[in-house]
Amino acid sequence: MESYASGNPDSRFSPFGFSRLSLFFAILLLATGGYFLFWGLGYIQGERPMLFVMATLFGLFMAFNIGGNDVANSFGTSVGAGTLTVQQALVVAAIFEVSGALIAGGEVTSTIRSGIVDLGGIQVAPTDFVYIMMSALIAAALWLLFASHKGFPVSTTHSIIGAIVGASLTLGVLMSGTDTALGLVQWGQVGQIAISWVLSPALGGLGSYLLYSLIKRHILSYNDDAKRELDEIREQKREHRQLHKARFERLSEIQKISYTQAMARDMQTINDGDFDTQELESEYYRDMQSIEAKRREVHSHRALEAWVPMVAAIGAMVIVAMLLFKGLTNVNLGLSTLHNYLIMGMIGAAVWMATFIFAKTLKGESLDRSTFLMFSWMQVFTASGFAFSHGSNDIANAIGPFVAILDVLRTGGIQGEASIPPLAMLAFGVALIAGLWFIGKEVIQTVGHNLTKIHPASGFSAELAAAAVVMLASILGLPVSSTHILIGAVLGIGLVNRQTNWKLMRPIALAWVITLPAAALLAALAFVALRTLWG
């Protein structure tokens with residue numbers, strides 16, 4: 001597995017038209033989008049076809065930018081740690097993000113008629129509702145595109161919320177004046193978003209700081225001490241060989257022959273196994289066996305065998321919990337809370353056993369390589385779980401407003417909920433992955449390298465801590481952003497290692513604060529333009 005830092009990052013992201021993979025994703029995106037347009041015109045029964053085409057393009061563009069920012073943010077730690085190359089991250093994202101969207105993305109979605117903006121306070125014409133959703137999609141997408149270009153990981157949820165607020169306020173002002181329009185906004189929820197700017201990174205940072213500190217103390221520091229002792233023992237062996245060689249050269253020819261025969265017999269004894277050191281005839285092998293006994297007493301792989309399986313089991317249970325209680329909430333599995341806990345326990349036990357056996361098989365490998373391999377596999381597991389949960393939940397930021405438009409065009413009215421065509425999920429899922437490939441490199445560079453140095457153990461800690469905080473926040477109903485939590489988790493790693501790039505964090509934090517008003521302003525402009533263009 002190759003580190004992202006080992007070469008020119010641009011070499012992994014070929015420009016449009018210069019890479020077969022780029023060409024493949026461009027064709028795939030055009031093909032799925034084109035087929036969906038063809039299918040969708042029949043689905044809406046020919047009502048307002050140009051509006052439908054524009055809405056589809058806006059929706060796919062939004063999904064594309066979610067991939068370039070949010071998905072890139074999720075996989076930044078894996079790529080930065082050298083666990084996955086960008087191409088490998090792309091494959092994992094393609095499988096788990098699209099699977100999450102199709103399997104657990106839900107069959108219906110809220111049309112966002114009431115929420116942070118209560119549109120029930122005014123008489124909204126179906127066409128104006130369509131313009132609000134279209135404005136929100138294009139405005140949020142443009143803001144995400146700008147943020148991705150700058151390498152700033154921002155919240156796609158905050159982007160779409162801000163855009164919906166901006167477009168809705170504009171309609172309210174045009175219909176009823178400023179006072180009535182401001183009354184449509186649930187300002188308490190806006191306040192919660194403001195709280196999340198501080199709460200999310202703080203919780204993510206605290207979680208990763210505590211977890212990585214424990215891993216560093218009980219596993220990485222133990223490994224460093226063991227490696228230092230092994231290096232000293234290796235040096236003793238080298239000195240012993242040199243000393244023996246010098247002594248051997250001073251022997252007479254007859255003594256050399258006799259000593260060589262004794263060494264040959266000792267070697268045979270050692271190869272046969274089950275011997276006592278006193279049985280050895282040569283001083284060379286007796287001393288070498290004493291040094292070898294010191295090496296065995298080090299127990300260099302003890303931390304990998306004792307602590308890593310336990311950490312892996314806890315991590316597996318957290319990821320499974322995130323999937324059961326968050327990622328699969330839209331799938332009616334018929335499982336009770338007890339069933340979910342039993343599933344978590346069984347998977348945790350299975351992962352503990354598998355990781356322990358894996359650690360045993362790595363005893364012949366160097367300590368550094370063994371540690372890298374174990375945490376790399378664990379990080380791939382956490383990244384995959386994150387991707388599935390992300391695909392099942394956050395794609396709603398693009399598919400929700402779009403399906404609301406689709407339902408209005410099909411039925412002519414505004415419903416409380418709208419069904420999601422599976423083909424729409426597929427098309428938007430493809431757009432998500434294409435966005436990761438084409439415009440995700442800057443965000444990956446920020447998360448994986450520029451904020452702090454990441455390796456598999458720290459990357460795993462950041463991802464697992466973020467998953468645990470997302471789960472805990474969901475249970476407690478705290479207003480948090482998964483994007484901000486993961487960035488906070490990366491900062492927590494930097495605090496442990498004392499190498500956090502606070503200079504870069506300042507513009508990122510500013511981008512978080514600006515997201516809501518920037519998306520709102522863009523949406524207001526887009527709404528006026530759409531309403532003027534189509535009346």
Could you check whether atom [atom1] of [X] has more than 12 heavy atoms from other residues, nucleotides or ligands sitting under 6.0 Å from it?
| X | atom1 | result |
| --- | --- | --- |
| His149 | NE2 | no |
| Phe248 | CZ | yes |
| Lys237 | NZ | yes |
| Lys150 | NZ | no |
| Met310 | CE | yes |
| Ile254 | CD1 | no |

What do you reckon, are the aromatic ring centroids of Trp377 and Phe381 less than 6.0 Å apart?
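Between Trp377 and Phe381, the centre distance exceeds or equals 6.0 Å.
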Using modelled atom types and a 3.5 Å cut-off, is there a donor and acceptor pairing between side-chain atoms of [X] and backbone atoms of [Y]?
| X | Y | result |
| --- | --- | --- |
| Asn271 | Met267 | yes |
| Ser200 | Ser481 | yes |
| Thr500 | Leu495 | yes |
| Asn65 | Gly68 | no |
| Ser208 | Ala489 | yes |
| Ser196 | Ile193 | yes |
| His339 | Ser336 | yes |
| Asp266 | Glu281 | yes |
| Thr446 | Gly151 | yes |
| Gln88 | Thr85 | yes |

Under 4.5 Å between any side-chain heavy atoms of [X] and [Y], yes or no?
| X | Y | result |
| --- | --- | --- |
| Ile454 | Val79 | no |
| Asn397 | Ser159 | no |
| Phe152 | Val443 | no |
| Ile514 | Trp143 | yes |
| Phe460 | Ile215 | yes |

Go through Glu283 and Arg247 one step at a time and tell me if the salt bridge (Lys or Arg N to Asp or Glu O under 4.0 Å) criterion holds.
CA-CA 11 Å; Glu283 182 182 359; Arg247 289 176 177 176; 3.2 Å; yes
To the nearest 0.5 Å, what is the distance between [atom1] on [X] and [atom2] on [Y]?
| X | Y | atom1 | atom2 | result |
| --- | --- | --- | --- | --- |
| Leu220 | Tyr222 | CG | OH | 13.0 Å |
| Ile347 | Leu342 | CD1 | CG | 11.5 Å |
| Leu21 | Phe25 | CG | CZ | 5.0 Å |
| Arg234 | Ile291 | CZ | CD1 | 12.5 Å |
| Leu491 | Trp502 | CG | CH2 | 5.0 Å |
| Phe375 | Thr371 | CZ | OG1 | 7.0 Å |

Any luck finding a side-chain donor-acceptor pair between [X] and [Y] under 3.5 Å?
| X | Y | value |
| --- | --- | --- |
| Thr156 | Asn69 | no |
| Gln379 | Ser376 | no |
| Glu365 | Ser370 | no |

In sequence, state the C-alpha distance, the side-chain angles, and the governing distance for Leu362 and Leu304, and then conclude on side chain to side chain contact (heavy atoms under 4.5 Å, CB included).
CA-CA 9 Å; Leu362 291 174; Leu304 296 184; 5.8 Å; no
Minimal non-hydrogen separation, [X] against [Y], with atom names:
| X | Y | result |
| --- | --- | --- |
| Thr355 | Ala312 | OG1-CB, 3.6 Å |
| Val154 | Leu144 | CG2-CD2, 3.6 Å |
| Leu486 | Asn73 | CD2-O, 3.3 Å |
| Leu29 | Ala434 | CD2-CB, 4.1 Å |
| Val469 | Ile485 | CG1-CD1, 3.6 Å |
| Leu230 | Ser300 | CD1-CB, 3.7 Å |

Give the C-alpha distance, both sets of side-chain angles, the deciding distance and a yes or no for side chain to side chain contact (heavy atoms under 4.5 Å, CB included) between Lys363 and Glu305.
CA-CA 10 Å; Lys363 271 199 168 181; Glu305 294 175 10; 2.7 Å; yes
Test log, rule salt bridge (Lys or Arg N to Asp or Glu O under 4.0 Å), inputs Glu235 and Arg238
CA-CA 5 Å; Glu235 180 63 21; Arg238 189 186 66 81; 2.4 Å; yes
Using the side chain to side chain contact (heavy atoms under 4.5 Å, CB included) rule, take Phe75 and Leu90 through it: C-alpha gap first, then chi angles, then the decisive distance, then the call.
CA-CA 9 Å; Phe75 281 91; Leu90 186 72; over 6 Å; no
Here's a test for you: under side chain to side chain donor-acceptor pair (under 3.5 Å), which of Asp224, Asp231, Asp225 qualifies with Arg228?
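When side chain to side chain donor-acceptor pair (under 3.5 Å) is applied between Arg228 and each of Asp224, Asp231, Asp225, only Asp225 qualifies.
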Determine, stepwise, if the pair Ser213 / Lys216 fulfils side chain to side chain contact (heavy atoms under 4.5 Å, CB included).
CA-CA 5 Å; Ser213 294; Lys216 191 169 185 177; 5.8 Å; no
Under 30°, 30 to 60°, or over 60°: which ring-plane class applies to His244 and Tyr284, parallel, tilted or perpendicular?
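Judged by the thresholds at 30° and 60°, the geometry between His244 and Tyr284 is tilted.
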Taking the six-membered ring for Trp, are His218 and Trp307 parallel (under 30°), tilted (30 to 60°) or perpendicular (over 60°)?
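If you compare the ring of His218 with that of Trp307, the planes turn out parallel.
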